[in-house]
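These values consider heavy atoms only, across backbone and side chains, with no hydrogens, waters or symmetry-generated copies.
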Amino acid sequence: MPSLGARILGVLLYMIPWTDSLTFGNHLYIKYPFIQIIQIPAIPIILIERSIPFGSFLLFLAIFLGLVRNTKVSYFLRFNALQSLIINIGIIIISFILEIIFSPFANSLIVRTISSTLLISLFSVIVYCVWSCTQGNEPDLPGISEATKMQL
């Protein structure tokens with residue numbers, strides 16, 4: 001059973017992909033301002049990433065080299081760190097693809113629908129991962145967890 005500190009750090013690790021997924025809700029924040037409350041848990045990560053030049057890249061390297069590749073760290077933390085980084089990489093790739101494909105349709109209904117669906121889906125994934133970490137379990141996400149286990 002992981003320690004309380006490991007559980008808290010595991011929860012914080014999933015705020016990294018959450019910060020990148022918040023951009024999918026830009027039009028929702030304008031139409032429904034009360035939804036902005038979901039941004040609150042990501043504020044510390046956003047401040048870290050924006051206060052340091054290349055902050056998100058340096059944070060990625062620090063987590064990857066300091067946690068994932070450090071065998072002295074518990075498997076629970078290494079697993080959650082790598083899984084959160086894999087989710088984050090997927091979010092970055094999806095946002096680039098959407099930007100390239102749908103840039104001519106900037107604020108159309110299809111773009112808003114896809115963005116809203118992605119935000120809700122990623123919110124569900126992050127909430128599940130956070131809940132699993134608070135329980136002391138490894139979040140089991142199909143495909144992603146298998147890839148994580150293969151890398152560890």
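No chain of hydrophobic side-chain contacts below 4.5 Å, direct or via other Ile, Leu, Val, Met, Phe, Trp or Tyr residues, connects L77 to M150. In the hydrophobic clustering of ILVMFWY residues, with side-chain heavy atoms under 4.5 Å counting as a link, L141 and V127 come out together. Hydrophobic clustering (ILVMFWY, side-chain heavy atoms < 4.5 Å, transitive): V11 and L4 are in distinct clusters. Note on F64: it clusters hydrophobically with L61, by side-chain heavy-atom contacts below 4.5 Å among ILVMFWY residues. Cluster annotation: I92 and L59 are assigned to distinct hydrophobic clusters (Ile/Leu/Val/Met/Phe/Trp/Tyr, side-chain heavy-atom contacts under 4.5 Å, transitive).
In this structure, C133 SG and L13 CG are separated by 7.5 Å, a value rounded to the nearest 0.5 Å. Distance check: N88 CG to D20 CG gives 4.5 Å after rounding to the nearest 0.5 Å. Residue I35 holds its CD1 atom at 11.5 Å from CD1 of I30, rounded to the nearest 0.5 Å. In this structure, the separation between CG on L67 and CG on L9 is 6.0 Å, given to the nearest 0.5 Å. Atom CE in M1 sits 8.0 Å away from atom CD in Q135 (nearest 0.5 Å). Put simply, CH2 on W18 and CG on L12 are 15.5 Å apart, with the number rounded to the nearest 0.5 Å.
Paired with I97 under the rule side chain to side chain contact (heavy atoms under 4.5 Å, CB included), one option of I100, I94, I93 passes, and it is I93.
At least one donor-acceptor pair closer than 3.5 Å links the side chain of N26 to the backbone N or O of T23. Of the possible polar contacts, none joining the S116 side chain to the T113 backbone as a donor-acceptor pair under 3.5 Å is found. Side chain of E49 to main chain of I46: no donor-acceptor pair is present (N/O by atom type, distance under 3.5 Å, no hydrogens or angles). Side chain of S145 to backbone of P139: a donor-acceptor contact under 3.5 angstrom is found. Side chain of S84 to main chain of A81: a donor-acceptor pair is present (N/O by atom type, distance under 3.5 Å, no hydrogens or angles).
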Residues I38, L119; criterion side chain to side chain contact (heavy atoms under 4.5 Å, CB included); working and verdict: CA-CA 11 Å; I38 65 174; L119 181 71; 4.2 Å; yes

Chi angles and distances behind the side chain to side chain contact (heavy atoms under 4.5 Å, CB included) call for H27, S115: CA-CA 9 Å; H27 66 278; S115 294; 3.7 Å; yes

Side chain to side chain contact (heavy atoms under 4.5 Å, CB included) between S3 and F76, intermediate numbers included: CA-CA 10 Å; S3 67; F76 178 78; over 6 Å; no

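At least one side-chain heavy atom of I87 sits less than 4.5 Å from a side-chain heavy atom of Y14. The closest side-chain heavy-atom distance from Q151 to R69 is below 4.5 Å. Looking at heavy atoms from C-beta onward, R112 lies out of side-chain contact with L28 at the 4.5 angstrom threshold. Side-chain atoms of V73 and R78, non-hydrogen and from C-beta on, do get closer than 4.5 Å to each other. Residues V125 and I144 fail the side-chain proximity criterion, which asks for heavy atoms closer than 4.5 Å. At a threshold of 4.5 Å between non-hydrogen side-chain atoms, the residues P44 and M15 do not count as touching. Y128 places a side-chain heavy atom less than 4.5 Å from the side chain of D140. Using a 4.5 Å cut-off on side-chain heavy atoms (C-beta onward), L98 and L118 make contact.
Nearest heavy-atom pair across V68 and L82 is CG2-N, 3.6 Å. The two residues C129 and Q83 have their closest heavy-atom pair at SG-NE2, 4.1 Å. Scanning all heavy atoms of the two residues, the minimum distance from G136 to R7 falls at CA-NE, 3.9 Å. T19 approaches I16 most closely through the heavy-atom pair OG1-O, 2.6 Å. The shortest non-hydrogen separation linking P17 to I91 is O-CD1, 3.4 Å.
Around CD1 of I37, the count of heavy atoms belonging to other residues, nucleotides or ligands within 6.0 Å does not exceed 12. In the displayed structure, Y75 atom OH is contacted under 6.0 Å by more than 12 heavy atoms of other residues, nucleotides or ligands. More than 12 heavy atoms of other residues, nucleotides or ligands shown are found within 6.0 angstrom of CD1 on I40. By the 6.0 Å contact criterion, OH on Y29 is enclosed, its count of non-hydrogen atoms from other residues, nucleotides or ligands being greater than 12.
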